[in-house]
**Student:** 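This is the structure I have questions about; it appears just below.
Owing to the predicted nature of the structure, the values given are computational and were not obtained by experimental measurement.
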Amino acid sequence: MYANRLMKSGMLKNILLILIFFVGCFFIPDCFVSRHVTTGMLGVAIITILYALAFVRMVKVIKITPLFLWVFLYSIFWLMYQFFYSALAWHDWIGYISFLLLFFIVSQQEFGENELRQYYFIGSMAGMVMGTWGLLQYFELVQAYYTSVPVTGSFENPAGLAIFLSGLLPCSLYFTREGKMRYKMWGIVTSLLAIWVILLSNSRTGILIVIVLCILYVCQNISFPPRNRFVNKFLFLGIVLFLFVGLYFWKKDSADGRMLIWLCSLDMFGDHWFFGIGSGKFQAEYMLYQADFFQRHPDSMFMMLADNVNNPFNEYLKVLVEYGILGFSMVVMILVHLVKACKANRDKVFLFPVFGCILAVMLAACFSYPLNYPSIVLIFVFSVAIVNSCYFSVWKAKKRICVKGVAVGLVVFSLLFSRIVYCYGRSEYEWCKAARFSLEGRSEEMLPSYKEIYDWMRRDGLFLYNYGAELYQVKRYSESLKILKECASRFNDEDVQQILAKDYIQLGMYSEAKECLLLAAAMCPVRFVPLYELMNLHLRIKDFTEAKRYARIIIDKPVKINSSRIRKIKKAAKVLLE
């Protein structure tokens, strides 16, 4: 009864919202391997379960909208894919189910201007805390997690911080229009702080989003004559295009690298255009396509830009590659109904920040991977759910048996889901502990721990890579080979191929080792290590002609970033030729 009264008063909703933002965005203890993702994902899952249990105490009607139906249909489609074309790990399952459950719960509630003001304040407060964190990192007062640009907040790179702050910027801008000075000052200070930190992050995506949001904010607050609105739209698009071109030349090499990724991704789509390559299989297949691209274009301008890749830097393209036209068309329908819902509520000024949050994440999805971060997905899901709750076309199920059935189903599902969350969280905690001890030289002692958590972590390509590498270190080459072959079906790059080659060499399987090294060299032509290993392999089998050929390739190969290791490799090749 007390929880019921709290939910009705809105206090419990705000408490859960503050908790979910705190845990999902700021709580990153060093007890998980993927500390910047796993903690947030598990925190969102746990609080969403609590949210669901509180929600069933007060639910009296189930609202169903066209947008909700398309999300539901896509979820069924996504679930079916997991049985036929899936390479997803447990954390992907937990993340998707958590946010789907959160979307359903938030969609069933009513949001007026007062409730949204509280949501905007919590969002602007989260942005202020994250912005302050980034600022302290910039002045080297707290630890940063990225060496090149030390402005990351709770993320492992500046892009995540910039997208997070730009996603919450509309919440701060909302208060700049308030009449009371204290609210206006709060909005101005938090907005300027967010923009400042985004500029310090050097994230082109974040800067582009900020400029677009600021232009839209100015347009909302300035009345243009009706006859000029058509011209204004073209002017806005022209400014955005000009900024896009300018940001491209700002970091041209990085932009060209993404062009390479998009070209190879389109090759993947061309081979699996209808059903897609499979859920979560991009990082297992992409590097094979990149290797094939360079084998077909040995003089490509992208040679010096190639690197290990596990994401296409475009969420829409990723859906197209993994789920094909079938899955992409369903995502398009979701976006169409989302736009319809936004247009139907455009007269409600208090919803504009929600529209801005959605636009920010959707823009980021064109050039980055915002859906990899639980905190950014949290912003997007909350915003979409709020828009969905205000949908103009709603079917309401009021029958007691239907509502009670949904409530009971939510309780049972939440309890079962909590068990999965606990087991996975405990497994990754044990993995982190085992990996830390292995780095201290206790690999042999930690192998029973790896074996114990294998059943829960075997879907995670990074875990399999780590497990296989530890087996190689303790000279269990056959076991390492088996694990790494399994890893390659979920997570495959140049590093995986190199360790596979080392296992083959130790087992005397030289032809297989050569194939792995040639593939590794084709995946990232800029790298020297695969060529060096090929040279040593041919020395091992006393094929001196081929060894000298690879030595000559190493000496003639241009260097992208000079290092002591590359200098040693070139010196060894020179000694061999002399």
Side-chain angles (χ1 to χ4, degrees), residues 257 260 264 285-309 443 465-466 468-488 491-578:
L260 166 66
C264 295
E285 300 289 338
Y286 172 81
M287 293 302 291
L288 301 177
Y289 279 84
Q290 183 165 291
D292 179 66
F293 178 87
F294 287 121
Q295 287 169 347
R296 289 185 286 111
H297 305 89
D299 299 322
S300 172
M301 59 176 280
F302 299 117
M303 280 281 200
M304 298 296 288
L305 304 174
D307 202 349
N308 286 327
V309 174
S443 296
Y465 172 74
N466 182 211
E470 294 300 336
L471 287 167
Y472 173 79
Q473 289 295 327
V474 298
K475 301 181 180 180
R476 297 189 185 183
Y477 305 119
S478 296
E479 296 175 58
S480 174
L481 187 63
K482 180 182 176 182
I483 294 295
L484 287 170
K485 282 183 176 180
E486 188 178 354
C487 170
F491 174 76
N492 193 9
D493 63 8
E494 181 219 1
D495 298 324
V496 174
Q497 291 300 320
Q498 282 198 56
I499 300 183
L500 277 169
K502 290 178 180 179
D503 280 327
Y504 280 127
I505 289 171
Q506 294 299 329
L507 295 170
M509 303 168 70
Y510 300 122
S511 59
E512 290 85 350
K514 184 177 179 180
E515 288 179 10
C516 290
L517 290 172
L518 286 172
L519 181 57
M523 285 176 171
C524 297
V526 73
R527 301 287 179 88
F528 280 80
V529 175
L531 296 173
Y532 177 66
E533 294 295 341
L534 279 165
M535 183 183 77
N536 287 333
L537 173 61
H538 286 92
L539 285 174
R540 188 185 187 101
I541 61 177
K542 302 187 185 306
D543 186 350
F544 300 111
T545 302
E546 278 295 289
K548 288 183 178 182
R549 186 173 74 85
Y550 282 110
R552 174 56 59 190
I553 293 173
I554 290 171
I555 290 174
D556 295 339
K557 188 177 180 63
V559 179
K560 181 179 179 181
I561 300 175
N562 205 352
S563 67
S564 59
R565 190 176 189 186
I566 291 177
R567 288 193 291 271
K568 288 179 181 178
I569 289 173
K570 280 186 172 285
K571 183 178 179 181
K574 188 176 180 181
V575 168
L576 175 62
L577 287 176
E578 290 174 349

**Student:** Is the terminal nitrogen or CZ of Lys557 (NZ for Lys, CZ for Arg) located under 6.0 angstrom from the six-membered ring centre of Phe528 and within 45° of that ring's axis?
**Tutor:**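 Lys557 over Phe528 ring: yes.
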
**Student:** Can you say whether the rings of Tyr465 and Phe491 are parallel (under 30°), tilted (30 to 60°) or perpendicular (over 60°)?
**Tutor:**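 Because their plane-to-plane angle is over 60°, the rings of Tyr465 and Phe491 count as perpendicular.
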
**Student:** Could you walk me through whether Tyr532 and Tyr550 pass the side chain to side chain contact (heavy atoms under 4.5 Å, CB included) check?
**Tutor:** CA-CA 7 Å; Tyr532 177 66; Tyr550 282 110; over 6 Å; no

**Student:** Quick one: do Tyr286 and Gln290 satisfy side chain to side chain donor-acceptor pair (under 3.5 Å)? Show the steps, please.
**Tutor:** CA-CA 6 Å; Tyr286 172 81; Gln290 183 165 291; 2.7 Å; yes

**Student:** More than 12 heavy atoms of other residues, nucleotides or ligands under 6.0 Å from CZ of Arg567: is that the case?
**Tutor:**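 Above 12, so yes.
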
**Student:** Which atom pair, heavy atoms only, marks the closest approach of Leu305 to Lys560?
**Tutor:**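 Answer, listing the atom of Leu305 first, then Lys560: CA-NZ, 4.1 Å.
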
**Student:** Would you please test Gln497 and Asn492 for side chain to side chain donor-acceptor pair (under 3.5 Å) and show each step?
**Tutor:** CA-CA 7 Å; Gln497 291 300 320; Asn492 193 9; 3.0 Å; yes

**Student:** State whether the side chain of Asn308 and the backbone N or O of Glu494 hold a donor-acceptor pair below 3.5 Å, judged by distance alone.
**Tutor:**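 Indeed, once roles are kept as given, a pair shorter than 3.5 Å links the two residues.
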
**Student:** Counting N and O atoms only, with roles assigned by atom type, does the side chain of Asp292 sit under 3.5 Å from a partner on the main chain of Gln295, one being a donor and the other an acceptor?
**Tutor:**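 Between the backbone of Gln295 and the side chain of Asp292 there is no qualifying donor-acceptor contact (under 3.5 Å).
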
**Student:** Roughly how far apart are Lys548 NZ and Ile554 CD1, rounded to 0.5 Å?
**Tutor:**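 Here the rounded value is 14.5 Å.
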
**Student:** Should Ser443 and Gln473 be marked as a side chain to side chain donor-acceptor pair (under 3.5 Å) after you check the CA-CA gap, both sets of side-chain angles, and the distance that decides it?
**Tutor:** CA-CA 7 Å; Ser443 296; Gln473 289 295 327; over 6 Å; no

**Student:** Nearest 0.5 Å please: distance from the CD1 atom of Ile553 over to the CG atom of Leu531.
**Tutor:**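 The CD1 atom of Ile553 sits 6.5 Å away from the CG atom of Leu531.
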
**Student:** Mind checking the NZ-OG spacing from Lys482 to Ser478? Nearest 0.5 Å is all I need.
**Tutor:**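 Rounded to the nearest 0.5 Å, the NZ-OG separation comes out at 10.5 Å.
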
**Student:** Nearest heavy-atom pair of Met287 and Val309: which atoms, and what distance?
**Tutor:**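 Scanning both residues completely, I find the closest heavy atoms to be SD-N, 3.4 Å.
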
**Student:** Considering only heavy atoms from C-beta outward, does the side chain of Leu519 approach that of Leu288 to under 4.5 Å?
**Tutor:**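 The answer is yes, as the side chains (C-beta and beyond) meet within the 4.5 Å cut-off.
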
**Student:** Just by distance, do the side chain of Lys570 and the backbone of Ile555 share a donor-acceptor pair under 3.5 Å?
**Tutor:**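 Side chain of Lys570 to backbone of Ile555, a donor-acceptor pair under 3.5 Å: yes, one is there.
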
**Student:** Indicate the atoms forming the closest heavy-atom contact of Ala513 with Ala501, along with that distance.
**Tutor:**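 In this case the closest contact between Ala513 and Ala501 is CB-O, 3.6 Å.
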
**Student:** Would you confirm whether Ser480, through its side chain, and Gly468, through its main-chain N or O, come within 3.5 Å as a donor-acceptor pair?
**Tutor:**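 Looks like yes, one N/O pair under 3.5 Å.
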
**Student:** I'd like to know whether the aromatic ring centres of Tyr472 and Tyr477 sit less than 6.0 Å apart in this structure.
**Tutor:**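 Under 6.0 Å, so yes.
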
